[in-house]
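Position 1 is the first residue of the sequence, and the numbers go up from there. Because the structure is predicted, anything quoted here is derived from the model rather than measured.
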Amino acid sequence: TRRYMQLLTPDWVTISLGATNTFGHVHTQTKDLLRELAIPWYRTDQNGSITIRSPGTPGGGYTIVVERGSASMDGSSDATSGQTACQNL
C-alpha cells in the first residue's frame with residue numbers, strides 16, 4: 001500500500017517471481033505506485049540473478065548488479081489485478 005511504502009521509504013524493491021506465472025505478477029497497480037513514489041524495482045523474471053553488495057560498514061553504501069536488463073522493467077505476465085483490495089494502493 002501507499003502508506004506502507006511511505007513508512008518504509010525504500011531506495012529500491014526486489015520482486016522474486018517466475019518468468020511465467022498465472023497470477024499476473026507484477027500487478028500494474030504495484031508498478032504504478034512504485035513509479036509514482038520514484039522507487040525502482042528489480043525482478044527475477046526479467047533481471048535474472050540480483051546481487052546486492054554492501055561493505056558492511058555504517059554509511060558504506062551498496063551496489064546492485066543484475067544478470068540482465070535494468071531497473072523497473074515490465075514483464076509479459078504483468079496484469080491489472082481485479083481484486084478490490086488491490087485497487088486502493
Side-chain angles (χ1 to χ4, degrees):
T1 65
R2 179 180 319 284
R3 180 72 177 136
Y4 186 67
M5 288 290 114
Q6 290 170 331
L7 289 170
L8 289 178
T9 63
D11 290 333
W12 42 266
V13 171
T14 59
I15 305 166
S16 179
L17 66 148
T20 55
N21 69 83
T22 58
F23 302 103
H25 294 159
V26 175
H27 288 153
T28 55
Q29 293 97 323
T30 300
K31 294 187 304 181
D32 289 347
L33 175 63
L34 294 173
R35 283 186 183 112
E36 180 183 324
L37 297 174
I39 302 169
W41 64 86
Y42 298 92
R43 47 189 295 168
T44 56
D45 67 327
Q46 297 299 308
N47 298 120
S49 296
I50 302 165
T51 304
I52 303 161
R53 289 193 174 107
S54 171
T57 57
Y62 57 85
T63 59
I64 300 172
V65 177
V66 296
E67 186 176 4
R68 61 183 176 272
S70 59
S72 306
M73 294 180 69
D74 292 326
S76 61
S77 63
D78 298 350
T80 299
S81 174
Q83 294 180 338
T84 307
C86 292
Q87 301 303 319
N88 298 319
L89 291 175

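Residues Ile52 and Val66 share a single hydrophobic cluster, defined by chaining ILVMFWY side chains whose heavy atoms lie under 4.5 Å apart. Put simply, Trp12 and Val65 are part of two different groups of oily side chains (I, L, V, M, F, W, Y) that touch within less than 4.5 Å, one to the next. There is a path of hydrophobic side-chain contacts, each under 4.5 Å, that joins Trp41 to Leu33. Using a 4.5 Å cut-off between side-chain heavy atoms of Ile, Leu, Val, Met, Phe, Trp and Tyr, with links allowed through other members, Tyr4 and Ile15 fall into the same hydrophobic cluster.
Within 6.0 Å of CZ in Arg68 there are more than 12 heavy atoms belonging to other residues, nucleotides or ligands.
For the pair Ile64 and Thr14, the minimum side-chain heavy-atom distance is 4.5 Å or more.
What you find for Gly75 and Asp45 is that their closest heavy atoms are CA-OD2, 4.4 Å. Gln29 approaches Ser81 most closely through the heavy-atom pair NE2-O, 2.9 Å. Between Ser54 and Gly61, the shortest heavy-atom distance links the atoms OG-O, 3.5 Å.
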Steps toward side-chain contact (heavy atoms from CB on, under 4.5 Å) verdict (Arg43, Asp78)
CA-CA 12 Å; Arg43 47 189 295 168; Asp78 298 350; 2.8 Å; yes
Working note: Val26 + Leu34, criterion side-chain contact (heavy atoms from CB on, under 4.5 Å); need CA distance, chi angles, decisive distance, verdict.
CA-CA 11 Å; Val26 175; Leu34 294 173; 5.9 Å; no
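Remark: Arg3 CZ to Leu8 CG distance equals 10.5 Å, nearest 0.5 Å. Note that the CG atom of Asp32 and the CG atom of Leu37 stand 11.0 Å from one another [nearest 0.5 Å]. One distance of note links OH of Tyr42 with OG1 of Thr51; it measures 12.0 Å at 0.5 Å rounding. Note that the CD atom of Gln83 and the NE2 atom of His27 stand 7.0 Å from one another [nearest 0.5 Å].
Residues forming a side-chain contact (heavy atoms from CB on, under 4.5 Å) with Asn21 (at least two apart in sequence, or on another chain): Leu17, Phe23, His25, Ser77.
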